[in-house]
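Protein chains get the first letters and strands the later ones, always in sequence-line order, with residue 1 at the start of each. It should be emphasised that the depicted structure is a prediction, and the values quoted were computed from it without experimental measurement.
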Amino acid sequence: MKIKAINGFKDILPEEVVLWQHIEAKARDIFRRFCFQEIRLPILEKTELFARSIGEATDIVEKEMYTFTDKAITMRPEATASLLRGFIEHSLHVKQPVHRLYTLGPMFRHERPQKGRLRQFHQIDAEILGATEPGVDAELMAMGQLLLTELGLAASLEVNSLGCKECRPGFRENLVQYLNERQDGLCDDCKRRTHTNPLRVLDCKKADCKKLVQDAPSILDSLCAKCDVHFSAVQRSLDNLNVEYKLNPFMVRGLDYYTRTTFEFTTNDLGSQSAIAAGGRYDGLIEQLGGPKIPGIGFALGIERLVLLLLDKEDSEKVQQSTIDIYIAALGDEAIHFSSALIQSLRVKGISAAMNFSGRSLKSQMKQAGRLQAKHTLIIGENELANHEAVFRNMNTKQQESISIQGDFETQSSRLIDRLNDTNDYSDLYQSIKI
RNA sequence: GUGAGCGUGGCUCAGUUGGUUAGAGCACCUGGUUGUGGCCCAGGAGGUCGUGGGUUCAAGUCCCAUCGUUCACCCCA
């Protein structure tokens, strides 16, 4: 019986990895422009870290975490908690007032897999720590938008404010009261949510609930003066940066630590999973985790979801895949022996080169060279060894010529590289492929 | 946790009202004159039809169970 990957865990095959690298490279480039530094974090953390940050009563903590109960250790379901733990543990705040950090890697949640949702999934996570100014909120959203735009993806940005610990409890109370008075009009899930997570009702997709919620008390009307000023300023800043957004007073977060500004980049092209990136401000969290009183804001992107969107794009999203510089077709044991030394010498000098040790027919080896998209092929057989002249073939033009294989491998490889440089049009070294 | 759908060679799928050695395309290998790729042609290798029961003279084709998987709910990136 064959061993397969476990449910919700997926192999990312070489063809698709090209896309991943494209996404990651683009993200790193954007982060560079916005002055973010990378931080690498462990995948395992103490369970308590997530319980305290994400919230004991959230679905994530309650039933979706991969936990080694005997060791009180959990595989991270998200990145922010770990990042803050690291930030606090190393007292990074003393080095400079504001930190801009990003990290990327696998996250783990034990949910039922479906389209755009895996048990091991990957996120790109960006956080700004130590800045409370609304302009920073806008800047972060602008960065997310730019990343998506440069990846060729259209997503809409929805923005909301969840208030702070001053104003949210009051709002929550009003909302629960409103919902309690209208239980009959709610779906079963929302009846439950009224008690477990009333804000969630605002986000229900059922038509009846949606209608009912339209007239519910609005969080935006309930903000305290400070939150209101902050949120207005965020919106002004977004306008100032030409970031398009939609106000969505019904948007809610699944993690408890969010305060004030929250936002979500969404798309309609992902089936039931509409969020491709989401985040918000969490001003009390660092302190709550035992750190200094420092505000923070951040967001996470789901890489799998980006990949799905890029794969779906019919207008041939093209990603560059490198080809190899030269393929050596060796005929006969002697030639194979010789070629293996020559190819090593080429590789030492930075050339990507392939050969085949099986001694198959020239036709078969040429076929393989073609499959590898080799720019050139060097043919070496008995005759060539005897004459010290190999056949050098340009795979695009099909032109062939003799090239000397005299001297030691050092001089031979140098000669070959000169030859490659002569004919190489470097724009052709990469060939666009559609995945 | 709940619901629905699907499980045939590496991939995408055909397989008529159950009936001889289970097919196709793609991919792979070998040939199409002696040492040359991407097209074409020919041939070849590769499947206990997810697994286990049952019905039947006979099951990939019907029934049950089980496992796997997909999508949706829930939740979320």
Side-chain angles (χ1 to χ4, degrees), chain A residues 1-10 13 15 54 58-64 77-80 104-126 144 148 155 187-190 192-193 196-197 200 203-206 251-255 263-267 270-280 298-309 327 329-332 335 358-384 390-396 398-400 431:
Chain A
M1 132 174 158
K2 270 190 281 189
I3 297 178
K4 303 201 299 182
I6 60 183
N7 195 10
F9 290 67
K10 226 183 69 174
L13 271 22
E15 240 185 20
I54 297 169
T58 58
D59 278 16
I60 294 179
V61 170
E62 222 166 50
K63 47 196 184 198
E64 294 173 2
E78 60 114 30
T80 304
L104 81 210
M107 309 294 158
F108 305 84
R109 291 182 200 172
H110 190 106
E111 304 176 88
R112 270 296 255 289
Q114 66 186 68
K115 187 172 185 183
R117 194 173 82 184
L118 292 166
R119 288 179 173 175
Q120 175 179 332
F121 60 104
H122 298 75
Q123 288 188 338
I124 299 172
D125 188 74
L148 293 172
C187 70
D188 288 346
D189 279 328
C190 283
R192 194 195 73 232
R193 287 178 184 127
T196 58
N197 192 349
R200 201 83 252 166
D203 207 25
C204 185
K205 289 165 193 153
K206 301 241 165 49
M251 189 180 70
V252 148
R253 308 275 64 218
L255 292 74
F263 57 95
E264 212 167 90
F265 290 96
T266 60
T267 170
L270 271 179
S272 74
Q273 257 60 42
S274 59
I276 59 184
F299 73 92
L301 278 120
I303 302 184
E304 278 83 357
R305 293 181 183 181
L306 294 179
V307 169
L308 280 177
L309 291 169
Y327 182 94
L331 303 164
S358 70
R360 291 212 279 200
S361 70
L362 180 56
K363 178 174 182 171
S364 156
Q365 295 197 51
M366 290 302 293
K367 206 170 164 185
Q368 194 183 2
R371 197 158 36 212
L372 292 170
Q373 301 181 348
K375 279 288 287 178
H376 302 89
T377 299
L378 189 70
I379 302 169
I380 304 176
E382 307 291 323
N383 301 339
E384 286 75 12
V391 177
F392 182 79
R393 176 183 175 89
N394 182 316
M395 294 297 276
N396 280 342
K398 296 187 173 186
Q399 284 181 339
Q400 296 191 174
Q431 180 161 350

[X] has a side chain; which of [options] sits nearest to it?
{"X": "Val391(A)", "options": "U36(B), C74(B), A77(B)", "answer": "U36(B)"}
{"X": "Lys363(A)", "options": "G31(B), C74(B), C29(B)", "answer": "G31(B)"}
{"X": "Leu331(A)", "options": "A77(B), G35(B), C75(B)", "answer": "G35(B)"}
{"X": "Lys398(A)", "options": "G38(B), A72(B), A77(B)", "answer": "G38(B)"}

Using a cut-off of 4.0 Å on non-hydrogen atoms, how would the nucleic acid contact of [X] be classed: base, sugar-phosphate, or nothing?
{"X": "Lys63(A)", "value": "nothing"}
{"X": "Gly279(A)", "value": "nothing"}
{"X": "Ile276(A)", "value": "sugar-phosphate"}
{"X": "Leu255(A)", "value": "sugar-phosphate"}
{"X": "Arg371(A)", "value": "sugar-phosphate"}
{"X": "Arg119(A)", "value": "nothing"}
{"X": "Asn7(A)", "value": "sugar-phosphate"}
{"X": "Met107(A)", "value": "nothing"}

Between [atom2] on [N] and [atom1] on [X], what's the gap in Å once rounded to a whole number?
{"X": "His110(A)", "N": "C74(B)", "atom1": "NE2", "atom2": "C1'", "value": "14 Å"}
{"X": "His376(A)", "N": "G38(B)", "atom1": "NE2", "atom2": "C1'", "value": "16 Å"}
{"X": "Phe108(A)", "N": "A77(B)", "atom1": "CZ", "atom2": "C1'", "value": "14 Å"}
{"X": "Leu118(A)", "N": "U70(B)", "atom1": "CG", "atom2": "P", "value": "8 Å"}

[M] and [N], which share atom name [atom1], separated by this distance in whole Å:
{"N": "U61(B)", "M": "G3(B)", "atom1": "C1'", "result": "27 Å"}
{"N": "G38(B)", "M": "C26(B)", "atom1": "P", "result": "15 Å"}
{"N": "A58(B)", "M": "G19(B)", "atom1": "C1'", "result": "6 Å"}
{"N": "C28(B)", "M": "U34(B)", "atom1": "P", "result": "22 Å"}
{"N": "C71(B)", "M": "G46(B)", "atom1": "P", "result": "34 Å"}
{"N": "C67(B)", "M": "C11(B)", "atom1": "C1'", "result": "23 Å"}
{"N": "G23(B)", "M": "G60(B)", "atom1": "C1'", "result": "12 Å"}
{"N": "G9(B)", "M": "A22(B)", "atom1": "C1'", "result": "11 Å"}

Look at the side-chain N and O atoms of [X] and state whether any lies under 4.0 Å from the OP1 or OP2 oxygen of [N].
{"X": "Gln114(A)", "N": "U70(B)", "value": "no"}
{"X": "Asn396(A)", "N": "G38(B)", "value": "no"}
{"X": "Arg253(A)", "N": "C75(B)", "value": "no"}
{"X": "Arg117(A)", "N": "C74(B)", "value": "no"}
{"X": "Gln400(A)", "N": "U36(B)", "value": "no"}

Across all strands shown, which nucleotide pairs with [N] by Watson-Crick or G-U wobble geometry, both distances under 3.5 Å?
{"N": "C6(B)", "answer": "G68(B)"}
{"N": "U36(B)", "answer": "none"}
{"N": "U20(B)", "answer": "none"}
{"N": "G43(B)", "answer": "C29(B)"}
{"N": "U55(B)", "answer": "none"}
{"N": "C75(B)", "answer": "none"}

Requested in this report: Could you say whether Lys115(A) or Thr58(A) is positioned toward the 5' end of RNA chain B, judged by the nucleotide with the nearest heavy atom to each?
Outcome: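 Nearer the 5' end of the strand: Lys115(A).
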Report task. Using the closest heavy atom to pick a nucleotide of RNA chain B for each, name whichever of Ala369(A) or Ser364(A) lands nearer the 5' end. Result ->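 Its nearest nucleotide being more 5', the pick is Ser364(A).
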Query - Student check: side-chain heavy atoms of Leu104(A) and His122(A) closer than 4.5 Å - result: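 Sidechains of His122(A) and Leu104(A): no contact.
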Report task. Give a yes or no on whether a salt bridge exists between Arg253(A) and Glu264(A), defined as a side-chain N under 4.0 angstrom from a carboxylate O. Result -> yes
Query raised in the report: Quick one: does Glu111(A)'s side chain have a donor or acceptor within less than 3.5 Å of a partner on Glu64(A)'s backbone?
Result: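 Looks like no, no N/O pair under 3.5 Å.
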